[in-house]
Amino acid sequence: MLQEMTIKNFAIIESLSLSFQEGMTVLTGETGAGKSIIIDALGLLVGGRGSTDFIRHGEERLELQGLFALAEDNFACRNALLEHGIDATDDMVVLERSLFRSGKNSCRINGKLVTTVLLRQIGSKLIDIHSQHEHQELMNEEFHLSLLDRFAADKIKPALTKYQANFKEYQTISKEWQNWTKNERELAQRLDMLRFQQQEIENANLQAGEEDRLLEQKNILANFEKLNENLQGAYTAIQGEPGGLEFIGEAMRQMDSAAGIHTDYKAVSEAISSSYYMLEDSMSQIRQSLDQLEFQPEELNQIESRLNDLNQLKRKYGKTIEDIIHYEQEISSEMEKLTDSESHVGHLETKLASLKTELTKQAGILTEIRKKAAITLEKQIKQELNQLYMEKAVFSVRFETDKMELTETGQDSIVFYMSTNPGEPLKPLAKIASGGELSRMMLALKTIFSRHQGITSIIFDEVDTGVSGRVGQAIAEKIYAVSVGSQVLCISHLPQVAAMANHHYYITKKVQNKRTTTSVAILHGDEKVEEISRMIAGIEVTELTKQHAKEMIEQAEKVKQTY
């Protein structure tokens with residue numbers, strides 16, 4: 001539901017802030033006062049086509065802002081916001097749009113900068129603007145199937161969800177099949193390349209951890225002289241003449257004698273003895289290492305050559321030896337599929353045929369559900385048209401079912417047809433030309449589809465043009481009926497429509513400092529009576545027209561109580 005809207009520097013509007021409530025709100029005023037400009041601004045806010053002509057003369061930019069309360073069941077809008085990372089946890093959506101004289105365009109949703117396309121996508125799920133020349137989904141044949149599905153949502157949704165899951169699998173397998181069959185030459189070349197790669201990796205005889213071991217061996221061989229010097233120095237320090245081991249042996253003997261004299265020295269004596277024997281053991285290990293140490297330049301060359309081979313493989317197939325081994329496993333699996341491509345393609349074809357048979361069956365079920373729903377819809381539309389004094393009108397849902405072509409929605413394509421006069425052939429809804437008849441037809445459809453669209457704000461911009469009298473009263477009641485389940489904003493010149501409104505805004509324009517500006521006033525009580533009197537009488541308002549206006553408002557209140 002639209003709660004608040006701010007307009008700055010839009011056409012003749014300098015600055016305007018409006019608050020809206022639930023139910024039916026009517027906007028009235030003299031022609032040219034700016035009623036439709038407000039709706040135009042709202043259309044631009046929700047992603048309509050922008051133009052610098054909208055910017056108020058003398059200003060560099062226009063600014064629009066709207067606050068919407070997000071209905072709990074408006075899942076389409078919630079999912080779209082979530083998909084694009086826009087937070088709406090407080091059930092509020094703020095749309096902002098600025099248009100600059102330079103042509104620059106700035107759009108935001110809940111503070112996040114977005115494209116005009118996304119603004120339009122979200123906006124279309126919040127409000128539905130309908131005028132004599134803008135019919136949106138109802139006038140666009142591409143949307144007729146989705147409208148019928150919404151109308152029959154309880155029955156169609158489970159079957160459609162199941163069908164679409166299978167259709168998605170069908171598309172995935174079909175794409176895989178096309179990739180396997182589109183170019184046999186490419187597949188053969190791919191197989192040759194994989195065989196070469198596999199052979200190269202196999203010939204390398206890779207082992208996990210091999211590179212680390214080679215690097216360690218290389219470090220030892222490359223530092224042979226230093227290592228030999230270190231071992232010789234350590235050995236000499238321990239065993240040389242005189243060596244450390246000899247002095248520690250003397251210390252061990254002296255402390256052993258001291259411990260025999262006094263037990264306080266026993267612990268020190270044992271520690272020195274332990275150190276002596278540990279050094280003696282270490283000296284033996286050093287000697288053994290020196291005996292085994294031998295410089296082998298050929299082995300160093302072999303290690304460097306092997307490391308170079310490993311680096312070449314890493315540049316081609318992975319950052320580590322483990323990555324290369326894993327890559328070999330992957331290409332082996334792919335080669336197995338390529339080698340057995342005929343069998344694999346045959347398996348895919350069998351799976352596709354099975355899925356298509358099942359999809360065709362499920363699509364047939366969808367068609368049957370839709371045809372039954374279409375009959376119900378035609379009856380309900382007929383009832384609505386009767387109430388709008390179009391008893392002779394005929395509404396029909398035409399099916400074009402192609403059992404050979406399956407789409408994401410099944411095998412059906414539908415178009416709404418209508419005939420407004422006896423003897424006239426049924427024509428597509430989009431080709432109905434009469435303004436008054438079109439207004440009533442649209443209202444009949446809106447009355448039904450507003451319950452299934454998930455949109456809580458519906459805008460009617462002078463949809464009552466071309467009607468009067470009892471038809472005008474019927475239209476007024478029908479617009480109010482729509483507002484019972486949705487917020488409705490309506491621009492109207494009909495007093496019957498104004499009388500039915502829950503909220504009445506009066507739009508005026510005035511000249512200040514040689515500039516024209518638009519202002520809005522909320523009418524109550526006598527003010528509302530005065531405006532409806534003006535709408536009835538035209539220029540001169542008399543006591544009789546005021547009395548007529550009061551009676552019209554009283555009658556409207558009685559009618560509203562029946563809803």
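Here the structure is a predicted model, which is why all the values come from computation and not from measurement.
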Give the table of side-chain donor-acceptor pairs shorter than 3.5 Å for residues 169-177, with sequence neighbours excluded, one pair per line with atom names and distance.
from: Thr172; atom 1: OG1; to: Lys168; atom 2: O; distance (Å): 3.0
from: Glu176; atom 1: OE2; to: His344; atom 2: NE2; distance (Å): 3.1
from: Trp177; atom 1: NE1; to: Glu349; atom 2: OE2; distance (Å): 3.1

(message) Regarding Lys371 and Glu368, does a basic nitrogen lie under 4.0 Å from an acidic carboxylate oxygen?
(response) no
(request) Output the distance between atom CD1 (Ile381) and atom CG (Asn386), rounded to the nearest 0.5 Å. (result) 11.5 Å
(request) Consider only side-chain N and O atoms of Gln380 and Glu384, and report whether a donor and an acceptor are under 3.5 Å apart. (result) no
(request) Decide whether Asn166 and Gln362 meet the rule of one side-chain donor and one side-chain acceptor closer than 3.5 Å. (result) yes
(request) Not counting sequence neighbours, which residues clear side chain to side chain donor-acceptor pair (under 3.5 Å) with Arg97? List them please. (result) Asn105
(request) Tell me, yes or no, whether the heavy-atom count around Asp526 atom CG, taken from other residues, nucleotides or ligands under 6.0 Å, exceeds 12. (result) no
(message) Please check if the number of heavy atoms outside Glu391 that lie under 6.0 Å from its CD is greater than 12.
(response) yes
Quick one: does any side-chain atom of [X] pair with a main-chain N or O of [Y] as donor and acceptor, under 3.5 Å?
| X | Y | value |
| --- | --- | --- |
| Glu141 | Phe416 | no |
| Gln487 | Leu2 | yes |
| Ser124 | Gln121 | yes |

Can I get a per-line list of side-chain donor-acceptor pairs under 3.5 Å for residues 3-27, giving both atom names and the distance, sequence neighbours left out?
from: Asn9; atom 1: ND2; to: Arg61; atom 2: O; distance (Å): 3.3
from: Gln21; atom 1: OE1; to: His503; atom 2: ND1; distance (Å): 3.4

